[in-house]
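Okay, structure first, notes after.
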Amino acid sequence: MNVLELSEQEIVRRQSLQELRDMGIEPYPAAEFPTNAFSEDIKNDFKDEDEKREVVIAGRMMSRRVMGKASFVELQDSKGRIQVYITRDDICPEEDKTLYNTVFKRLLDIGDFIGVKGFVFRTQTGEISVHAQSLTLLSKSLKPLPIVKYKDGVAYDKFDDPELRFRQRYVDLIVNDGVKDTFLQRATVVRTIRRVLDEAGYTEVETPTLQAIAGGASARPFITHFNALNIDMYMRIATELYLKRLIVGGFEGVYEIGKNFRNEGMDRNHNPEFTCMELYVQYKDYNWMMSFTEKLLETVCIAVNGSTERKVGDNVISFKAPYRRLPILDAIKEKTGFDCNGKSEEEIRAFCLEKGLEVDETFGKGKLIDELFGEFCEGTFIQPTFITDYLVEMSPLTKMHRSKPGLTERFELMVNGKELANAYSELNDPLDQEERFKEQMRLADKGDDEAMIIDQDFLRALQYGMPPTSGIGIGIDRLVMLMTGQTTIQEVLFFPQMKPEKKIPQSSIKEWGEIGVSEEWAYVLRKAGFNLISDIRDEKAQGLQQKIGDINKKYKLGYEKPSVNDIQAWIDAAANVAVVTEEAE
């Protein structure tokens with residue numbers, strides 16, 4: 001990277017880096033720096049009457065107040081922040097005061113990692129602090145942190161733009177309070193789910209992420225190519241079919257917490273790559289699974305929040321069991337007044353069109369019902385509600401309802417207006433399953449690009465016999481949103497999928513060379529604000545010479561200044577390039 005592509009602060013920090021090395025100080029030492037304490041533990045454990053406690057701490061320097069021979073530093077470690085008191089004579093007990101006067105005061109910067117050995121004390125203002133007796137540079141930061149500054153109660157330089165926060169999560173975690181806590185709570189959610197399932201006797205397993213057939217859900221998959229076999233493969237959209245193979249193989253209960261991938265849109269509630277927990281237990285049905293789910297989520301909420309309630313936006317949601325259970329057709333009737341029971345596909349389509357829904361002939365009965373529910377019902381269920389008894393057309397992997405013809409034993413759990421979980425009494429009749437798959441293929445032929453593909457190996461597994469089984473999938477990302485009170489999925493993903501980063505259009509160094517500008521002066525021109533060749537065509541040669549000469553002087557580049565005639569030649573060539581480009585267009 002050319003030095004002129006850096007900001008002024010970055011240039012100064014790199015100069016400090018070199019100066020440290022010239023002094024024999026390694027800015028990135030390899031040796032272990034053993035610590036024995038953390039900021040929050042030091043403050044929580046401190047008692048004024050205790051004997052002086054020696055500590056060794058390390059962390060990032062977040063602020064510094066220099067007052068002559070003494071200074072205060074705010075140190076941030078993995079648990080929080082603590083004040084460090086540094087005096088010149090304590091860290092430089094000999095005659096040489098370079099470590100304090102030059103290294104600490106001039107060559108260290110906010111964001112650098114330092115190690116401190118000292119003792120704990122309380123300052124005259126009452127703040128528990130560490131009195132440093134030695135100081136070690138552990139890592140030099142070359143980019144300045146966006147530290148928030150306050151003046152007259154107004155905050156400046158806040159790092160709060162979502163685009164920047166999600167794209168540069170590492171900075172977000174450093175400077176914004178509470179972000180790290182959200183992800184610690186996420187870890188508690190996953191850890192608690194594992195504990196509950198493990199204590200129930202179920203086995204955590206792993207199944208393929210690359211699959212020959214994208215099955216187990218209705219979704220558009222990501223496609224990749226397996227060079228060794230010369231075949232297309234799919235990133236999995238669900239783990240279901242592989243987990244049910246393991247039930248066939250004799251496991252009592254299996255679960256997997258892992259990534260699924262669906263080639264669909266991104267919004268506040270969807271990310272193409274997401275985490276899901278799927279559980280399958282033999283000899284159970286969807287009624288049992290509803291009860292189990294209530295207890296699981298109640299336990300998770302208590303583990304994260306200390307109670308069964310959590311505020312999300314303007315809503316206070318209670319995860320205390322039991323939850324309401326409502327058949328999907330009753331939900332639609334309750335919200336729209338239209339009874340879908342006994343209605344034909346054409347009648348339901350006509351009602352959808354009457355209500356202004358965008359549906360067409362490719363939509364089967366199940367998808368029409370799904371559209372109605374999504375438009376008029378889903379967002380209205382704030383408290384946890386089991387929506388049950390879906391149409392068979394909507395549930396190709398679900399057992400037929402034991403008492404309601406045309407329906408299946410399936411539920412979706414709705415919380416805060418969104419689906420959180422999907423569960424079935426699993427279909428274990430291989431002949432029925434084959435017919436369901438064929439119906440899905442007919443929907444695909446009609447243009448439904450989310451219809452399932454027939455998985456012949458899964459059908460073969462079912463033919464060996466699968467016991468009565470209940471299964472569930474819970475979206476971990478949405479669950480974490482609920483448990484942490486977040487309203488966008490990006491807040492609970494370390495690195496959410498983002499649109500390509502916008503870059504300022506620039507003419508390449510090669511293109512600058514084609515009009516006679518050398519590489520070093522091309523970077524100077526960019527630093528002066530001329531990113532495109534066309535940007536200089538209206539400049540005056542002497543004025544441009546002055547602008548680039550100032551940069552040459554400011555950054556002590558020592559380049560031989562081009563003549564006015566040379567610069568005029570650049571300008572003329574840039575104008576010719578612009579004319580040729582306009583004529584070509």
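Throughout, numbering of the chain's residues begins at 1 and tracks the sequence. These numbers come from the heavy atoms of this one structure, side chains and all, not from hydrogens, waters or symmetry mates.
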Quiz item: Going by heavy atoms in the side chains, are Thr293 and Phe411 under 4.5 Å from each other?
Solution: yes
Quiz item: Do Thr188 and Arg191 have a side chain donor and acceptor closer than 3.5 Å?
Solution: yes
Quiz item: Among side-chain atoms of Tyr286 and Asp389, is any donor-acceptor pair under 3.5 angstrom?
Solution: yes
Quiz item: Without hydrogens or angle criteria, can the side chains of Glu240 and Tyr242 be said to hold a donor-acceptor pair below 3.5 Å?
Solution: no
Quiz item: Under 4.0 Å between a Lys/Arg side-chain N and an Asp/Glu carboxylate O for Lys140 and Asp109?
Solution: yes
Quiz item: Does a side chain donor of either Arg478 or Asn416 reach within less than 3.5 Å of an acceptor in the other side chain?
Solution: no
Self-check item: Glu345: side-chain contact (heavy atoms from CB on, under 4.5 Å) partners, not counting sequence neighbours
Solution: Arg349, Lys365, Leu368, Lys446
Quiz prompt | Nearest heavy-atom neighbours spanning Gln76 and Ile174 | solution = NE2-O, 3.2 Å
Quiz item: Are side-chain N/O atoms of Tyr390 and Glu412 paired as donor and acceptor at under 3.5 Å?
Solution: yes
Practice problem: Find out whether Ser141 and Arg13 are in side-chain contact, i.e. whether some heavy atom of one side chain is under 4.5 Å from a heavy atom of the other. | Solution: yes
Quiz prompt | Atom pair CE (Met394) and CD1 (Ile328), whose distance is rounded to the nearest 0.5 Å | solution = 4.0 Å
Quiz item: Taking C-beta and beyond as the side chain, do Val281 and Tyr202 meet within less than 4.5 Å on heavy atoms?
Solution: yes
Quiz item: Quick one: do the Asn341 and Asp339 side chains pair a donor with an acceptor below 3.5 Å?
Solution: yes
Quiz item: How long is the gap from CE on Met400 to OG on Ser425, to the nearest 0.5 Å?
Solution: 12.5 Å
Quiz item: Looking just at side-chain N and O atoms, do Thr469 and Glu426 make a donor-acceptor pair shorter than 3.5 Å?
Solution: no
Quiz prompt | Contacts of Phe274 that satisfy ring-ring contact (aromatic ring centres under 6.0 Å, His included) - sequence neighbours left out | solution = none
Quiz item: Looking just at side-chain N and O atoms, do Arg81 and Ser39 make a donor-acceptor pair shorter than 3.5 Å?
Solution: no
Quiz item: So, Ser307 and Asn305: side-chain donor and acceptor under 3.5 Å apart, yes or no?
Solution: no
Quiz prompt | Donor-acceptor side-chain pairing of Arg236 and Thr207 below 3.5 angstrom | solution = yes
Quiz item: Can you name the closest pair of heavy atoms from Ile369 and Cys340 and give their distance?
Solution: CD1-SG, 3.5 Å
Quiz item: Looking only at heavy atoms, which two atoms of Gly265 and His270 are closest? And how far apart?
Solution: O-CB, 3.8 Å
Quiz item: Does the side chain of Asp198 pick up a donor-acceptor pair with the side chain of Tyr255 at under 3.5 Å?
Solution: yes
Quiz item: How about Phe363: does its CZ atom have over 12 heavy atoms from other parts shown lying under 6.0 Å from it?
Solution: yes
Quiz item: Do Gln185 and Thr182 have a side chain donor and acceptor closer than 3.5 Å?
Solution: no
Quiz item: Taking Arg262 for the side chain and Ile237 for the main chain, is one N or O donor matched with an acceptor at less than 3.5 Å?
Solution: yes
Practice problem: Supply the atom-to-atom distance Asp457 CG to Leu241 CG, rounded to the nearest 0.5 angstrom. | Solution: 9.5 Å
Practice problem: Check whether the side chains of Asn271 and Gln497 place a donor and an acceptor atom closer than 3.5 Å, and report yes or no. | Solution: no
